[in-house]
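Every chain is numbered from 1 and lettered A, B, ... according to where its sequence line falls, protein lines coming before strand lines.
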Protein chains: 2
Amino acid sequence: MNKKSRDNSKSPLRMTRQRRVILDELRKVTSHPTADEIYNMVRRRLPGISLGTVYRNLEILSGNGMIQKIESSGSARRYDGNVKIHYHVRCVRCGRVDDLPLSTLPVLERAVRKGCGYEILGYSLEFVGICPNCGKLPKTKKERQDKNGTQRK
Amino acid sequence: MNKKSRDNSKSPLRMTRQRRVILDELRKVTSHPTADEIYNMVRRRLPGISLGTVYRNLEILSGNGMIQKIESSGSARRYDGNVKIHYHVRCVRCGRVDDLPLSTLPVLERAVRKGCGYEILGYSLEFVGICPNCGKLPKTKKERQDKNGTQRK
DNA sequence: TATATAAATAGGAGTAGTTACTGTTATGAA
DNA sequence: TTCATAACAGTAACTACTCCTATTTATATA
């Protein structure tokens, strides 16, 4: 590396067609889609895109704070084009995720930061429940099997 | 079903040897092990047990509120023999999970319950950070690649 | 505008964690 | 003791994701 230094310590994000379309599609919706759903949305505009590319870009975009990664309940990861801090509710039946109007809680973070030995980077707060659609349907086989219903902290 | 009704709507949990040992081992530790770790703990006492049995029982025990399932940050699910409400910190590097001394927040639940359309069942609150051990080590390849560091809500 | 090069791509194989299936065994109510 | 059913072991299958390689592309610089 003897040429003019390229300063790759903070090289700007290269905006490929694929990356641009992924970001664009994600910002168009408020539905918090999974990688696979995004793959299908993007494929309508870029039929040749590969699923690996979608995963890689979602990882890079969220690593750069341009989108939000919602990884919470064992089920598939979801993504959110809205990067402002806000909270989510997830339906335990269908997995759907919605936004919650709830002010942020800096007090929480402060309470934890002192004295647990960890270097706290942040927290994830997610509510679980049953969405309006699923509330009308009968219980699933799995829910009936769980004798106490879902138990969460 | 014409015999004396067996009332299977709330049939008691059958306590098999496998189930008892799983519960017992889980209650002995405070380390929030994964299914695979529990499998290895239990195998020392029941060499013939199968991984499927461990998974099934962890599912049933948590469905009955006898243990807690911690499914949070994309990585493997973990389990906790302590069912009292409490919160966790997870290390983003090694995945280790520790308990947090933090009083509960009923206020949160009340705030959400009204007016989001969901039937709220509960919430999951998890802090992420870097544990004391990992804090001493250099960054991973993946962490260096993420130009902004980890971004969480 | 042309060129060099690091970054990103498609396609596909590989993996971890989990679930589902099948035939067998054990539990516990009667 | 009997018997229905729940739970079992063993294993195949599945889902969500990651990693690999050869090729292409975006961008900085000349």
Side-chain angles (χ1 to χ4, degrees), chain A residues 1-23 33-40 42-43 46-64 69-79 95 140-142 144-147, chain B residues 1-23 33-40 42-43 46-64 69-79 95 140-142 145 147:
Chain A
M1 211 166 278
N2 48 3
K3 304 204 99 177
K4 199 65 137 307
S5 96
R6 277 171 179 272
D7 190 8
N8 60 14
S9 65
K10 61 183 282 293
S11 60
L13 212 48
R14 234 162 82 171
M15 256 307 152
T16 59
R17 220 147 33 94
Q18 291 84 341
R19 185 164 298 165
R20 199 190 332 276
V21 173
I22 288 169
L23 189 54
T34 61
D36 203 66
E37 286 164 355
I38 294 167
Y39 175 51
N40 285 307
V42 169
R43 261 208 297 188
L46 303 173
I49 199 170
S50 79
L51 182 58
T53 297
V54 172
Y55 271 105
R56 192 175 353 86
N57 277 297
L58 290 170
E59 198 51 38
I60 291 170
L61 290 169
S62 66
N64 281 54
K69 187 160 55 165
I70 312 173
E71 43 182 4
S72 295
S73 293
S75 55
R77 209 174 275 164
R78 289 172 177 274
Y79 298 87
T140 63
K141 183 182 164 197
K142 194 165 183 182
R144 272 180 275 110
Q145 183 196 327
D146 292 354
K147 287 160 192 168
Chain B
M1 214 167 279
N2 48 3
K3 304 203 97 177
K4 198 66 139 305
S5 97
R6 279 174 175 271
D7 191 9
N8 60 13
S9 65
K10 63 183 280 290
S11 60
L13 211 48
R14 238 159 81 167
M15 255 308 152
T16 59
R17 220 147 34 92
Q18 290 85 343
R19 186 164 298 167
R20 198 189 333 275
V21 173
I22 289 169
L23 189 55
T34 61
D36 203 66
E37 286 163 356
I38 294 167
Y39 175 52
N40 285 308
V42 169
R43 261 208 297 188
L46 302 173
I49 198 170
S50 80
L51 181 58
T53 297
V54 172
Y55 270 105
R56 190 170 0 82
N57 277 296
L58 290 170
E59 197 52 37
I60 290 170
L61 289 169
S62 65
N64 280 54
K69 187 158 56 163
I70 312 174
E71 43 182 3
S72 295
S73 294
S75 55
R77 210 174 274 163
R78 289 172 177 273
Y79 298 87
T140 63
K141 183 182 165 198
K142 195 166 182 182
Q145 182 196 328
K147 288 161 190 168

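In terms of position on DNA chain C, the residue among B:Thr16 and B:Thr34 whose nearest nucleotide sits closer to the 5' end is B:Thr34. Taking for each of A:Arg17 and A:Gly52 the nucleotide of DNA chain D with the nearest heavy atom, the 5'-most of the two is the partner of A:Gly52.
For B:Leu13, taking side-chain heavy atoms from C-beta onward, the closest of the listed nucleotides D:dA7, C:dA8, D:dC17 is D:dA7. Counting only heavy atoms from C-beta on, B:Asn57 has its side chain closest to D:dC8 among C:dA8, D:dA9, D:dC8. For A:Thr53, taking side-chain heavy atoms from C-beta onward, the closest of the listed nucleotides C:dT18, D:dA16, C:dA10 is C:dA10. Of the listed nucleotides (C:dG17, D:dT27, D:dA7), D:dT27 has the atom at the smallest distance from the side chain of A:Arg14. Of the candidate nucleotides C:dA10, C:dT18, D:dT5, C:dT18 has the atom nearest to the side chain of B:Ala35.
Residues satisfying the side chain to side chain donor-acceptor pair (under 3.5 Å) criterion with B:Thr16, sequence neighbours excluded, are absent altogether. Looking at residues two or more places apart in sequence or on another chain, you find a side-chain contact (heavy atoms from CB on, under 4.5 Å) between B:Leu51 and B:Asp36, B:Tyr39, B:Tyr55.
Note on A:Leu51: nothing from the nucleic acid sits closer than 4.0 angstrom, heavy atoms only.
One finds a side-chain N or O of B:Arg77 lying less than 4.0 angstrom from the OP1 or OP2 phosphate oxygen of C:dT19. At C:dA8, none of the side-chain N or O atoms of A:Arg56 fall inside 4.0 Å of OP1 or OP2 (strictly under the cut-off). In this model, the phosphate group of D:dA7 is approached by a side-chain N or O of B:Arg19 to a distance below 4.0 Å at OP1 or OP2. For D:dT18, neither phosphate oxygen OP1 nor OP2 lies less than 4.0 angstrom from any side-chain nitrogen or oxygen of A:Tyr55.
Atom CD in B:Gln18 sits roughly 17 Å away from atom P in D:dA6 (whole-Å rounding). Atom CD1 in A:Ile60 sits roughly 17 Å away from atom P in C:dA6 (whole-Å rounding). The interatomic distance linking A:Tyr39 (OH) with D:dT15 (P) rounds to 15 Å, in whole Å. Across the protein-nucleic acid pair, B:Arg20 atom CZ and D:dC8 atom C1' stand 15 Å apart, rounded to whole Å. Atoms CG (A:Leu58) and C1' (D:dT18) sit 14 Å apart, rounded to a whole Å. Taking atom CZ on A:Arg78 and atom P on D:dC17, their separation rounds to 10 Å, with Å as the unit. The interatomic distance linking B:Glu59 (CD) with D:dC8 (C1') rounds to 17 Å, in whole Å. Put simply, CD1 on A:Ile49 is 5 Å from P on C:dA10, counting in whole angstrom units.
Taking 4.5 Å as the limit, some side-chain heavy atom of B:Ile60 sits within range of a side-chain heavy atom of B:Arg19. The closest side-chain heavy-atom distance from B:Leu23 to B:Met15 is below 4.5 Å. Residues B:Ile22 and B:Ile49 have side chains in contact (heavy-atom distance under 4.5 Å, counting atoms from C-beta outward).
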Filtered N/O pairs between nucleotides 22-24 of chain C and protein, under 3.5 Å:
none

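Nearest approach of A:Thr34 to A:Tyr79, heavy atoms of both residues: C-CD1, 4.5 Å. Nearest heavy atoms, B:Arg43 versus B:Asn40: NH2-OD1, 2.9 Å.
Going from atom CG of B:Leu61 over to atom CZ of B:Arg56 covers 11.0 Å, rounded to the nearest 0.5 Å.
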